[in-house]
Number of protein chains: 2
Amino acid sequence: MTIKEVASQLGVSASTISRALARPELLSTETRERVLEAVDRLGYQPNLVARALRLQETRLIYVVIPTLSPFFLEVFRGVERGARETGYAALVGHTGRNVQREQLFLDQVASYRGDGVILVTSSDPAALLARRKRMPPVVAALEEIEGLAAPAVRVDHRKGAVDATNHLLALGHRRVAYIGGPEGQVIAGHRREGFHLAMNQAGLDPDGYPYLAVDYAVELGEQAMESLLTLHPPPTAVFAGNDEIAIGAIRAIKRVGLQVGRDISVIGFDDQRLASLYEPPLTTIRVPTEELGYRAILMMVDQLQGRSTEEDIVLPTSLVIRSTTGAPRA
Amino acid sequence: MTIKEVASQLGVSASTISRALARPELLSTETRERVLEAVDRLGYQPNLVARALRLQETRLIYVVIPTLSPFFLEVFRGVERGARETGYAALVGHTGRNVQREQLFLDQVASYRGDGVILVTSSDPAALLARRKRMPPVVAALEEIEGLAAPAVRVDHRKGAVDATNHLLALGHRRVAYIGGPEGQVIAGHRREGFHLAMNQAGLDPDGYPYLAVDYAVELGEQAMESLLTLHPPPTAVFAGNDEIAIGAIRAIKRVGLQVGRDISVIGFDDQRLASLYEPPLTTIRVPTEELGYRAILMMVDQLQGRSTEEDIVLPTSLVIRSTTGAPRA
DNA sequence: TTGAAAGCGGTACCAG
DNA sequence: CTGGTACCGCTTTCAA
């Protein structure tokens with residue numbers, strides 16, 4: 001069922017059908033109603049591919065996230081909300097932190113399947129800069145992409161990490177260890193810097209305990225904590241690079257019969273859903289993920305519609321105190 | 001950068017460029033290499049929208065899931081794997097169990113944005129049947145859609161529920177309660193039927209405890225269990241409609257100081273990721289979600305390429321015994 | 001082995 | 001207010 005078929009059924013031109021759908025005010029009331037009735041009766045659906053080719057826009061935004069974890073999906077939710085408000089559609093893809101898959105999504109959009117890409121962190125900023133093919137409109141979310149001329153909506157991971165560390169220090173902890181995210185990852189780097197900053201400021205050695213870099217997984221946090229517990233003296237507080245690592249650490253602590261929040265304090269980062277659900281509920285740094293996504297799509301739409309691609313937007317993190325941190329035992 | 005621009009740069013026709021990319025064997029070695037070099041040098045990317053319009057196919061499959069929970073995303077992972085193997089791309093959308101959003105996705109594909117839709121359960125089978133607009137090629141996953149002429153890749157939820165119930169009965173439980181999924185939902189209905197079947201077969205009254213239907217959420221499972229615990233005598237075992245409900249139930253049990261697996265047994269359904277991660281690890285019925293998605297996309301591709309749209313595929317569930325079930329206390 | 005031209009299904013300009 | 005027509009970028013006959 002094409003526009004021409006509908007037109008000939010009604011004895012009008014294709015233009016008239018098109019107008020009835022796109023700019024109904026241009027038609028006489030009578031024709032308009034006749035057309036709309038027929039469109040409904042025949043179940044006509046405009047071919048979006050043809051429209052996109054003609055209009056040179058798809059009204060589709062791709063959101064590319066590293067993994068399908070609830071944390072990143074929350075960003076996507078924000079994008080969806082903003083997309084609805086602005087008449088766009090949004091679709092997610094995940095890369096599994098695989099550089100080639102990231103490029104594949106860029107290719108799709110560069111090939112005009114979508115109007116733009118919201119990159120929720122990049123698996124490989126260097127590859128992005130080296131890209132030879134067309135680069136579609138990009139907005140970076142969660143973290144800027146160094147060297148790339150794309151606006152970013154992000155949080156200050158460094159400051160969040162300073163806040164987390166200071167919370168532990170304010171409770172009286174002096175033997176504080178850090179279990180961080182993957183080596184080489186931009187966000188993990190910034191969080192680590194924040195830890196260093198705060199420790200140095202307090203006159204403490206940030207490298208008093210070995211710096212353990214692991215992937216964002218419960219199991220790996222658990223292993224890292226195990227090795228920390230073999231040290232003498234063990235730390236009285238641990239700052240974990242994200243909530244999953246923190247939960248892993250807590251599991252290890254529980255397993256040796258110690259009590260989290262009393263014997264050893266643990267603070268996470270992100271405030272993922274499981275942070276509040278876990279027992280005991282996790283003290284952590286909240287990242288406003290949904291809001292991040294929402295602002296990112298608005299920025300993208302601004303960019304697409306030629307409005308000022310402003311400066312980066314930096315959203316605040318906040319400390320959420322629950323039950324896994326407390327004063328060190330006397 | 002269009003195909004014509006590349007062509008004129010090289011002094012050949014657009015057809016030649018097209019052929020170099022699609023059917024290189026038709027060209028002389030020399031032209032082919034000249035063209036491919038130029039394509040690479042200029043960073044030319046074919047416009048997929050134009051190609052789709054011409055070819056009348058997008059090679060894109062939409063996967064529509066009710067929520068972005070890890071359970072459904074696992075199905076999507078399977079789809080992606082199969083899509084890669086068959087030269088398709090897959091994209092997820094979620095409906096939030098909102099009927100209109102489900103139709104919106106169907107509209108997108110019916111408007112030729114995609115070649116087909118894999119519906120991972122439907123929020124409203126009735127609306128699907130009543131649909132007046134074009135219905136795109138559909139494959140149902142996880143559960144058939146009653147009345148719709150779409151092939152399904154599914155599991156036998158009824159049998160899985162029978163297995164779960166029998167596991168509790170075999171341990172010696174006689175006072176067994178059921179906390180199910182949302183009223184009116186097809187899958188929840190089937191699981192409930194399985195519970196009834198097994199109880200009746202054992203000569204027990206399936207309605208000995210009130211049937212509590214709640215949404216798939218930890219909090220709601222918790223509330224349901226609380227009310228069950230006020231009963232005299234309380235059940236010695238609970239079959240939960242899915243893992244989230246089960247975890248909620250366990251929280252309620254822990255809170256009153258009882259021990260799960262000893263004082264009260266709990267079995268879930270789905271074997272979501274959190275089932276094995278939870279403490280104690282959850283006994284549950286495993287649904288082969290990834291495999292389900294994989295088979296669904298293969299079925300879809302068969303359908304699109306005109307190969308026999310066979311019968312439904314039914315994959316087996318399996319009982320996974322962990323630590324939340326045990327014999328009733330003497 | 002290569003080129004010219006038609007056409008996929010819309011939209012928008014220009015006439016009338 | 002409505003119709004005719006060109007064109008978006010690609011693929012694929014058909015002809016040379």
Side-chain angles (χ1 to χ4, degrees), chain A residues 1-36 38-39 42-60 87 107-115 133-134 136, chain B residues 1-36 38-39 42-60 87 107-115 133-134 136:
Chain A
M1 176 65 48
T2 72
I3 202 169
K4 280 185 191 160
E5 290 168 357
V6 179
S8 72
Q9 289 247 353
L10 273 180
V12 299
S13 74
S15 319
T16 301
I17 311 291
S18 176
R19 277 192 278 257
L21 265 25
R23 315 193 51 192
E25 71 279 9
L26 291 181
L27 298 184
S28 72
T29 318
E30 197 220 322
T31 357
R32 187 194 319 141
E33 284 175 359
R34 235 160 47 86
V35 171
L36 293 179
V39 161
L42 299 172
Y44 166 70
Q45 298 220 253
N47 184 319
L48 295 180
V49 172
R51 176 183 287 169
L53 179 60
R54 174 68 231 223
L55 262 32
Q56 300 287 332
E57 67 161 8
T58 59
R59 299 231 135 212
L60 206 61
D107 287 350
Q108 291 274 321
V109 181
S111 305
Y112 307 95
R113 268 233 168 122
D115 293 343
K133 302 188 210 169
R134 170 178 178 267
Chain B
M1 174 65 49
T2 72
I3 203 170
K4 279 187 191 161
E5 289 168 359
V6 179
S8 74
Q9 289 247 351
L10 273 181
V12 298
S13 75
S15 323
T16 302
I17 310 292
S18 175
R19 279 193 274 257
L21 265 25
R23 316 191 50 191
E25 71 279 9
L26 290 182
L27 297 184
S28 72
T29 318
E30 196 218 323
T31 354
R32 187 195 319 142
E33 284 175 358
R34 235 160 47 87
V35 171
L36 293 178
V39 161
L42 300 171
Y44 165 70
Q45 299 220 253
N47 184 318
L48 294 181
V49 172
R51 176 182 287 170
L53 180 60
R54 173 68 228 229
L55 262 32
Q56 300 287 327
E57 68 162 7
T58 59
R59 299 231 135 212
L60 206 62
D107 288 350
Q108 290 274 321
V109 180
S111 305
Y112 307 96
R113 270 237 166 118
D115 293 343
K133 302 189 209 169
R134 176 177 111 86

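The sequence lines fix the lettering, A, B, ..., with proteins before strands; numbering per chain opens at 1.
Going from atom CG of A/Leu27 over to atom P of D/dG3 covers 9 Å, rounded to whole Å. One atom, NZ of B/Lys4, and another, P of D/dT11, lie 13 Å apart when rounded to the nearest Å. Across the protein-nucleic acid pair, B/Ile3 atom CD1 and C/dG7 atom P stand 19 Å apart, rounded to whole Å. Look at CZ on B/Arg23: it is 9 Å from C1' on D/dT12, rounded to the nearest Å. C/dG10 atom C1' lies 12 Å from atom CD of B/Gln56, rounded to whole Å. One interatomic measurement links the two molecules: CG of A/Leu53 to P of D/dC10, which rounds to 9 Å at whole-angstrom precision. As a whole-Å value, the separation of A/Arg34 CZ from D/dT2 P is 9 Å. The distance between atom CD of A/Glu5 and atom C1' of C/dG7, rounded to the nearest whole Å, is 15 Å.
Between B/Leu26 and B/Arg19, the closest heavy-atom pair is CD1-CD, 4.0 Å. The minimum heavy-atom distance between B/Gly87 and B/Arg59, with the atom names listed, is O-NH1, 3.2 Å. Minimum interatomic distance between B/Ala14 and B/Ala7 (heavy atoms only, all atoms of both residues): N-CB, 3.6 Å. Between A/Ala52 and A/Thr58, the shortest heavy-atom distance links the atoms CB-CG2, 4.1 Å.
For B/Thr2, the side-chain atoms get nearest to D/dG9 when compared with the rest of D/dG9, D/dT12, C/dT2. Closest approach to the B/Ser18 side chain among C/dG10, D/dT11, C/dG3 is made by D/dT11 (side chain taken as heavy atoms from C-beta onward). Among D/dC10, C/dG3, C/dG9, the nucleotide with an atom closest to any side-chain atom of B/Arg51 is D/dC10. Nearest nucleotide to the A/Thr16 side chain, out of D/dG3, D/dC10, C/dT2: D/dG3. In this structure, of D/dC10, D/dT11, C/dG10, it is D/dT11 that holds the atom nearest to the side chain of B/Ala14. When each of C/dG10, D/dC10, C/dT2 is scored by its nearest atom to the side-chain atoms of B/Ser28, the top-ranked nucleotide is C/dT2.
Residue-to-nucleotide proximity on DNA chain C shows that, of A/Asn47 and A/Arg19, the 5′-proximal contact is made by A/Asn47.
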Run the side chain to side chain donor-acceptor pair (under 3.5 Å) test on B/Ser18 and B/Ser15 for me, step by step, so that the C-alpha distance in whole Å, both residues' side-chain angles and the decisive distance to 0.1 Å come before the verdict. CA-CA 5 Å; B/Ser18 175; B/Ser15 323; over 6 Å; no

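With hydrogens and angles left out, the side chain of A/Arg54 and the base of D/dG9 share no donor-acceptor pair within 3.5 Å. A donor-acceptor contact under 3.5 Å is formed by the side chain of A/Ser15 with the base of D/dG4.
Contact annotation: B/Tyr44 reaches the phosphate of D/dC10 (side-chain N/O to OP1 or OP2, under 4.0 Å).
Contact annotation for A/Val12: backbone-only contact, meaning every heavy-atom pair under 4.0 Å involves sugar-phosphate atoms and none involves a base.
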